[in-house]
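Everything on this sheet refers to the single structure shown next.
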Amino acid sequence: MKLNPGQNEAVHYVSGPCLVLAGAGSGKTRVIINKIAYLVQECGYKARHIAAVTFTNKAAREMKERVSKSMGRKEARGLWISTFHTLGLEIIKREYKVLGLKPGFSLFDDQDSLALLKELTQNELEEDKDLLKSLATTISNWKGDLVIPEQAKKLAKDEQSQLFAMLYQRYAQHMKAYNALDFDDLILIPTLLLRHHEEVRDRWQAKIRYLLVDEYQDTNTSQYELVKLLVGQRARFTVVGDDDQSIYSWRGAKPQNLVLLGEDFPKLKLIKLEQNYRSSQRILRAANILIANNPHVYDKALFSELAYGEPIRVLMAANEEQEAERVIAEMIRHKFVGRTQFGDYAILYRGNHQSRLLERALMTNRIPYKLSGGTSFFSRAEIKDMMAYLRLVVNPDDDNAFLRIVNLPKRGIGPATLEALGNYANKRNISMFSAIFEADLNHYLSPTAMSSLYKFGCFIVDTEEAVTRGDPVDAVKNLVRKINYEDYLYENSTSAKAAEMRMKNISELYRWVTEMLAGDDLDEPMTLPEVVTRLTLRDMMERNSEDEGGDQVQLMTLHASKGLEFPYVFMVGAEERILPHQSSIDEGNVEEERRLAYVGITRAQKELWFVICRERRQFGETMRCEPSRFLMELPQDDLIWENRKPLASPEQQQATGKSNIANLRNMLKTK
DNA sequence: GTTGTATTACTGTGA
DNA sequence: GTAATACAAC
């Protein structure tokens, strides 16, 4: 396929800073792929001097593969294609000496950070969960804004910010003691490093001579700063973004960075991609009209040359159970009529909890489905346990990991023992793990407790030695066997089947660990510490979902759908308080919710359905629901509202809903 | 002191 | 469906 004029210009403009405003479905990834190839093949750039940064591992992996395909594996070797976080991690790993970090640092995910904060704030916050969460987001925001604890303290005006700033400092100190980093550190630390160390900055600017950034509207302050520091005065870079698809301001993204870019780089070349190759004209028109309700810095007029397409349908259901039934009935009908595949359909929703009923309905109707996101693989208890073991082996100072697994499976090390150990470690200012081996610990603990701890400590040390001296794959295998985790699972799961499932998850994890230790044609072999940090970054998750491949209905949140496309899309819960979400209404951030709706609509290629409930149970109460204001903003002549006025009683709806599915099933069977 | 069992409330999006 | 909590039992 040839490039259109806009794409062509975007690919070939390499002499200075370049901003590509790429509307939904306008082929921005193609531009990036082609540009990388052009830089290497025509402009004399070496692959190892080009970096492309994305936000998700999935996007990075996809880009890697497409680049390899388009210019050949050999030429693609050495390209830096990764997420912001992985790039940051790479910089930290190579510069850890300058940074004063010990090798083998742990990466805390937000659950770990939250656990630590909870521990640190027991006196100040008195177990107030909301406060704890808001402390966590405040710290995260500070880090994203490049504010270090000392500055936070100075900036703090009211009492609460002062308290938070103080706790931020305490948190930072403890993270250092644990030899641990959180996700925000992966950007913050490299950025501060490059800002303050000229020599290091020069080195990295020489290393990365052309930088491409995907989904630029999702960058936060520190990420943009990192970009600026990496490109330096030469300003050889291309960023691709779309302000209408900015849906991550809640985690610190600053879509204003699109504007700042023009101010920071007056020579910035602006290129717009306005032809959409994905959606029918009708879907695109609806999306355009919806998003016109938002203010815009850069005007964009997306158009499509595809067919006008089918009307957009609005389905009504009496309650959330019937919403799920309704979606499935319509999908089966549509599939039967259009002879399509289950894999052509996506069901999108605002919040993860909405997947429950859909899943159940799909299951009872024996429809294959694939759920992305939600309670992810890495937040499953058994995986967290195993990761904690690996983390402790790699970094014995990681008290979080230690606490998670010292007594799992049961080793007779209870809360009393751990409290004594913790106090001792605190007093001596060492980690709990190293405290085990201190000679005078026996003054504080009973001999039985001492021997249990000592046994555990030796086990970890032995494993660590087996990993460094011998074959890490074997060492890891032996670890699972030695702790009898399988027995533990069978004793502690509700059913043998659940235990089996969990064991399968663990085998899956170890398959990945083994693969990563060995390396493959896309990735170099890694050491165990590298594997552990990468896994915490969820680097492997998407690789797994790639080989799913089957004919399955796709279920995911609107957020997770960004960047994807599906022939047929159902958006469920198109109601006030859900989309836009109540809290966004309260916060006065309906514009972002509108963009979220825009993202959902523009995922659809051929047909689109909205589904709304008349009432919904929330907090045990039944609440009446109103159609989303966004539905009202859409061009009504492109919509078909089902049963606009007379809604059948719940009983009737249920009857018709069920029998519809049954009938359709029968029709399919006889065919 | 440690382990087992029952009950409770919670779910806005995620690297 | 999970995790945190509370209480009883070993």
Side-chain angles (χ1 to χ4, degrees), chain A residues 53-60 82-89 107-111 113-115 118 127 129-130 133 137 140 143-144 181-187 215 218-220 223 246-253 348-356 359-360 372-376 378-382 384 407-420 445-446 448-449 452 491-494 498 501 533-539 541-542 556-562 573 577-587 589 592-593 595-597 599-600 617-620:
Chain A
V53 189
T54 65
F55 272 84
T56 64
N57 293 304
K58 189 175 183 171
S82 72
T83 62
F84 261 107
H85 290 87
T86 309
L87 176 64
L89 178 67
L107 236 195
F108 275 23
D109 66 16
D110 40 358
Q111 277 187 55
S113 302
L114 214 61
K118 194 175 173 187
E127 309 267 308
K129 253 192 147 175
D130 288 338
K133 261 191 144 172
T137 40
S140 178
K143 290 191 171 191
L181 305 175
D182 63 25
F183 281 140
D184 300 311
D185 288 332
L186 294 181
I187 314 294
E215 306 280 14
D218 290 341
T219 51
N220 64 21
Q223 286 160 338
S246 158
I247 52 175
Y248 284 107
S249 72
W250 51 271
R251 65 171 198 217
L348 308 180
Y349 38 81
R350 174 65 233 257
N352 269 314
H353 60 278
Q354 289 175 269
S355 70
R356 275 260 134 74
E359 268 192 277
R360 201 165 72 190
S372 321
T375 313
S376 78
F378 283 90
S379 43
R380 310 187 89 108
E382 65 272 22
K384 299 218 88 179
N407 201 30
L408 195 146
K410 299 272 183 298
R411 295 188 180 90
I413 304 170
T417 307
L418 288 175
E419 196 181 341
L445 286 169
S446 69
T448 36
S452 310
E491 279 158 29
N492 290 286
S493 299
T494 43
M501 273 276 292
T533 42
R534 284 306 188 92
L535 281 172
T536 314
L537 280 173
R538 288 125 207 246
D539 204 5
M541 234 166 30
E542 292 82 7
M556 66 188 79
T557 62
L558 287 163
H559 282 91
S561 76
K562 194 167 77 159
R577 284 191 294 211
I578 294 193
L579 183 69
H581 194 273
Q582 181 66 53
S583 17
S584 295
I585 299 173
D586 296 342
E587 290 159 17
N589 195 9
E592 177 144 318
E593 298 284 310
R595 291 193 289 269
L596 198 52
V599 166
R617 262 197 312 282
Q618 276 178 321
F619 271 122

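Sequence lines set the chain letters: A, B, ... in the order given, protein chains first and strands last, and positions in each chain run from 1.
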Query raised in the report: Taking atom C1' of B:dG14 as reference, at what distance in whole Å does atom CG of A:Leu596 sit?
Result: 13 Å
Query raised in the report: At under 4.0 Å between heavy atoms, what does A:Tyr248 touch on the DNA or RNA strands: base, sugar-phosphate, or nothing?
Result: sugar-phosphate
Query raised in the report: Counting any heavy atom closer than 4.0 Å, what does A:Glu593 reach on the DNA or RNA strands: base, sugar-phosphate only, or nothing?
Result: base
Report task. Would you mind telling me which residue lines up with the more 5' stretch of DNA chain B, A:Glu592 or A:Leu418, judged by nearest nucleotide? Result -> A:Leu418
Report summary line: A:Asn220 CG to B:dT13 P, in whole Å, measures 21 Å
Requested in this report: Using a strict 4.0 Å threshold on nitrogen-to-oxygen distance, state whether A:Glu359 and A:Arg356 make a salt bridge.
Outcome: no
Query raised in the report: Tell me: NE2 of A:His353 to C1' of C:dT2, nearest whole Å?
Result: 16 Å
Query - Rounded distance in Å - CD (A:Glu419) to P (B:dT2) - result: 11 Å
Query raised in the report: Under 4.0 Å: is that the gap between some side-chain N or O of A:Thr417 and OP1 or OP2 of B:dG1?
Result: no
Requested in this report: Go through B:dA15, B:dT13, B:dG1 for me and flag the one nearest to the A:Asn352 side chain.
Outcome: B:dT13
**Report entry** Carboxylate-amine/guanidinium contact A:Lys562 A:Asp218, below 4.0 Å
**Finding:** yes
Query - Student check: side-chain heavy atoms of A:Thr557 and A:Tyr349 closer than 4.5 Å - result: yes
Query raised in the report: Rounded to whole angstrom units, what separation is found between the CZ atom of A:Arg595 and the C1' atom of B:dT13?
Result: 13 Å
Report task. Would you check if the side chain of A:Arg411 reaches a backbone N or O of A:Ser452 as a donor-acceptor pair within less than 3.5 Å? Result -> no
Query - Any side-chain donor near an acceptor of the partner, A:Ser583 and A:His581, under 3.5 Å - result: yes
Query raised in the report: Rounded to whole angstrom units, what separation is found between the NE2 atom of A:His581 and the C1' atom of B:dT13?
Result: 9 Å
Requested in this report: Starting from the 5' end of DNA chain B, give me the residue, A:Lys133 or A:Ala416, whose nearest nucleotide shows up first.
Outcome: A:Ala416
Requested in this report: Specify the separation, in whole Å, of atom CZ of A:Phe183 and atom P of B:dG14.
Outcome: 13 Å
Query raised in the report: How far apart are the C-alpha atoms of A:Leu348 and A:Val599, what are their side-chain angles, what is the distance that settles it, and do they pass the side chain to side chain contact (heavy atoms under 4.5 Å, CB included) test?
Result: CA-CA 11 Å; A:Leu348 308 180; A:Val599 166; over 6 Å; no
Requested in this report: Select one nucleotide: of C:dA4, B:dG12, B:dG14, the one nearest the side-chain heavy atoms of A:Lys118.
Outcome: C:dA4
Query raised in the report: Starting at CD of A:Gln111 and ending at P of B:dA15, how long is that distance when rounded to a whole Å?
Result: 14 Å
Requested in this report: Side chain of A:Asp184 only, please: which of B:dG14, B:dA15, B:dG12 is the nearest?
Outcome: B:dA15
Query raised in the report: What heavy-atom pair brings A:Asp185 and A:Leu181 nearest, and what distance separates the two atoms?
Result: OD2-CA, 3.5 Å
Requested in this report: Tell whether A:His559 reaches the base of B:dT13 with its side chain through a donor-acceptor pair below 3.5 angstrom.
Outcome: yes
Query - Touch class at under 4.0 angstrom, heavy-atom based, for A:Glu587 against every strand present - result: base
Requested in this report: Would you check if there is a donor-acceptor pair between the side chains of A:Glu593 and A:Asn589 at a distance under 3.5 Å?
Outcome: no
**Report entry** Phosphate contact (B:dG14 OP1 or OP2) by A:Thr557 side-chain N/O below 4.0 Å
**Finding:** yes
Query raised in the report: Considering only B:dA15, B:dG14, B:dG12, which nucleotide approaches the side chain of A:Thr56 most closely?
Result: B:dA15
List, with names and distances, any nitrogen or oxygen atoms from the protein found under 3.5 Å away from nitrogen or oxygen atoms belonging to nucleotides 3-7 of chain B.
| unit_1 | atom_1 | unit_2 | atom_2 | d |
| --- | --- | --- | --- | --- |
| B:dT3 | OP1 | A:Gly412 | N | 3.1 |
| B:dT3 | OP2 | A:Asn407 | ND2 | 2.9 |

